[in-house]
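Taking it in order: structure first as structure tokens, then the write-up.
Whatever order the structure lists them in is the order used to number ligands and atoms, beginning at 1. Throughout, numbering of the chain's residues begins at 1 and tracks the sequence.
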Amino acid sequence: MGTMVVFPFKTERPEVVLRNIRVAAAHEAVSEVLCVGYEEESTYRAIADASPGIAKAARTPVTLRLQDRIGTRRPGKGDGMNTALRHFLDTPHDRLHFYDSDITTFDGSWITKAERGLDLGYDVVRHFFPRAATDAMITWLVTRTGFAILFPRSELPWIEQPLGGELALSRRAAKALAADHRVAERSDWGIDTMLAFSSVQDRMSILEVYVPQGKAHKLYGQLTDLKRMLVECFAAVRDLREETLEPGIVHHVEYPDVVPPSIAEKVGYDVEGTIQLLPEAWSERQMELLEYFPIPIRDGMVAARHRTTFSFLDECSWYDAFEVLLQHFDEADEDWADLLFHLWTVRVLAYTHEAALRGYSYALRYLHGMVFRYLYRAATGRVLRPGE
Ligand code: GDX
Ligand code: MN
């Protein structure tokens, strides 16, 4: 009986991770905290030094271990989460929570909210947060877009933050996910996509709980980090293209609260720096790959190499581009990866211009509407435009 809380971690600020471990260990529902590291580096050693003291003070075991090599993709967060899933199944605990270790706004209420959802009998409880209008651009433009195009009548495109690393599972759900070889294979950033997909395909009941204070965490490093995440998240969606999903599962979403100004007024990325990045890393091969795309997209991208232009990649064109990518993208091919990164960057700028500039509430309505228009088009073949 009891709950295990897992923090997968790579290199993080030790004081942030240790604070989170303390919070979890002190929570009355928690019977064990498990930290799964990527390698034995400075963060790992800081946890090794401090965890016996934390465990003693809270009277809750704090276990530290390295991730196993489980998947077939790049060894990353997926191996960390899959290691935790397997470790959990070897314990008697009946509930498993995952939280990113770099969160600076984490507190006991996150655990309590998830526990209440599990008390009600949901198989999966997912946390969701208020996010800046220009944040979560992989979630909106890749994952939710892909889910809408591939599974328009399913519950999948309606999951608020399918890439979120904060979720809780019943033992039954953890067992089913651990037994899914597609989950086990996703050792990279694709793990979150696979967990969301597999839980819906398995017809698990899902509750999304709202955390009003938001998730403040480490800012993105270089854009190259984001590029890897983009490519791995896109590949995870693309690999689902032969799958089918039945409509209708139990999926409830807590009504969100007012968004704090710190989030509503936040600019999520460096617009100027991003524009300057566009002419970089082009190859002749990418120009050839553009031949797969409809002419307006191809011409627009050719122009974007030399001057600031992005509005051509509007909502409808992104759908067209996405379909081409679903069919032809090759993850192992560096030119495809660069081209995907370029296309996505242009689409982020176009979205910023067409929606985010109109303010927070407009932008969030726009993004939710966009997912609906995409799934409507995928299901009926009829194109809806913003405002329709
Ligand atoms: N064990 C292990 N191994 N942990 C890792 C690894 C790895 O290779 N890579 C990252 N982590 C940990 C990291 O220390 C942190 O605790 C968590 O995984 C998330 O990584 P972070 O670098 O903070 O990612 P980011 O950009 O914040 O993305 C997270 O939020 C996204 C989202 O909410 O949209 C992450 O959970 C993504 O999976 C998620 O898509
Ligand atoms: Mn983070």
Residues 44-52, side-chain donor-acceptor partners within the protein, below 3.5 Å, at least two apart:
residue	atom	partner	partner atom	Å
Arg45	NH1	Glu40	O	3.3
Ser51	OG	Ile47	O	2.8

Solution key, residues 259-266 side-chain donor-acceptor pairs under 3.5 Å, sequence neighbours excluded:
none

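Residue Gly165 approaches ligand 1 through these ligand atoms, each under 4.0 Å from one of its heavy atoms: 36 (O). Shown in contact with Gly76 at under 4.0 Å from a heavy atom are these atoms of ligand 1, numbered in order with element: 3 (N), 7 (C), 8 (O). Less than 4.0 angstrom separates some heavy atom of Glu12 from each of these atoms of ligand 1: 13 (C), 14 (O), 15 (C). Distances below 4.0 Å separate heavy atoms of Val36 from the following atoms of ligand 1: 1 (N). In summary, the atoms of ligand 1 found under 4.0 Å from a heavy atom of Gly164, numbered by their order in the structure, are 33 (O).
For Lys77 and Glu232, the salt-bridge test fails: no basic side-chain N is under 4.0 Å from an acidic carboxylate O. Using a 4.0 Å cut-off between charged nitrogen and carboxylate oxygen, Lys215 and Asp135 do not count as a salt-bridge pair. Ion pairing between Asp320 and Arg377 holds under the 4.0 Å rule for side-chain N and carboxylate O. Comment: Glu155 does not engage Arg203 in a salt bridge, judged by the lack of any side-chain N to carboxylate O separation of less than 4.0 angstrom. A salt bridge is defined here as a Lys NZ or Arg NE, NH1 or NH2 lying under 4.0 Å from an Asp or Glu carboxylate O, and Arg144 with Glu160 meets this definition. Comment: Arg95 engages Glu115 in a salt bridge, judged by a side-chain N to carboxylate O separation of less than 4.0 angstrom. Salt bridge present: Asp333 and Arg285 bring a charged side-chain N and a carboxylate O closer than 4.0 Å.
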Checking Arg241 against Glu323 for the salt bridge (charged side-chain N to carboxylate O under 4.0 Å, His left out) test, could you report, in this order, the C-alpha distance in whole Å, the side-chain angles of both residues, the deciding distance, and whether it holds?
CA-CA 11 Å; Arg241 67 195 188 284; Glu323 284 193 314; over 6 Å; no
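Between Phe329 and Phe322, a ring centre-to-centre spacing not shorter than 6.0 Å is recorded. Aromatic ring centroids of Trp140 and Tyr366 lie 6.0 Å or more apart.
The proximity of Phe7 to ligand 1, defined as any non-hydrogen pair under 4.0 Å, does not occur for either the backbone or the side chain. With a heavy-atom cut-off of 4.0 Å, Lys77 touches ligand 1 through backbone and side chain alike.
In plain terms, the two heavy atoms of Val62 and Cys35 that are nearest each other are CG1-SG, 4.4 Å. Contact record, Thr105 with Ala216: OG1-N, 3.1 Å, taken as the closest heavy-atom pair.
Counting only non-hydrogen atoms, the option in Asp192, Asp135, Thr43 that gets closest to atom 38 (O) of ligand 1 is Asp192. Closest heavy-atom approach to atom 2 (C) of ligand 1 among the candidates Met137, Gln67, His127, His217: Gln67. Between Val6, Asp100, Asp79, Val16, it is Asp100 that holds the heavy atom closest to atom 17 (C) of ligand 1. Nearest to atom 28 (O) of ligand 1 by heavy-atom distance, out of Lys10, Met229, Met81, is Met229.
For the ligand labelled ligand 1, residue Glu166 lies outside the 4.0 Å heavy-atom shell. The closest approach between Arg131 and ligand 1 falls below 4.0 Å for a heavy atom of the residue. Heavy-atom separations between Lys215 and ligand 1 include at least one value shorter than 4.0 Å. The closest approach between any non-hydrogen atom of Ala136 and ligand 1 is not below 4.0 Å.
Ligand 1 has no nitrogen or oxygen under 3.5 angstrom from a nitrogen or oxygen of Gly80. Looking at ligand 1, you won't find any N or O of Pro75 less than 3.5 Å from one of its N or O atoms. When only interatomic distances are considered, the shortest N/O to N/O separation between Leu163 and ligand 1 falls below 3.5 Å. Residue-to-ligand polar distances keep Thr11 apart from ligand 1: every N/O pair is separated by 3.5 Å or more. Distances between N or O atoms of Asp102 and those of ligand 1 include at least one value under 3.5 Å. Any N or O atom pair closer than 3.5 Å counts here, and Phe9 shares at least one such pair with ligand 1.
The closest side-chain heavy-atom distance from Trp344 to Trp318 is below 4.5 Å.
Applying the side chain to side chain donor-acceptor pair (under 3.5 Å) test to residues at least two apart or on different chains, none of the pairs has a partner in residues 292-310.
For the Mn ion (ligand 2), the set of protein N/O/S atoms nearer than 2.8 Å consists of Asp102 OD2, His217 ND1, ordered by chain and number.
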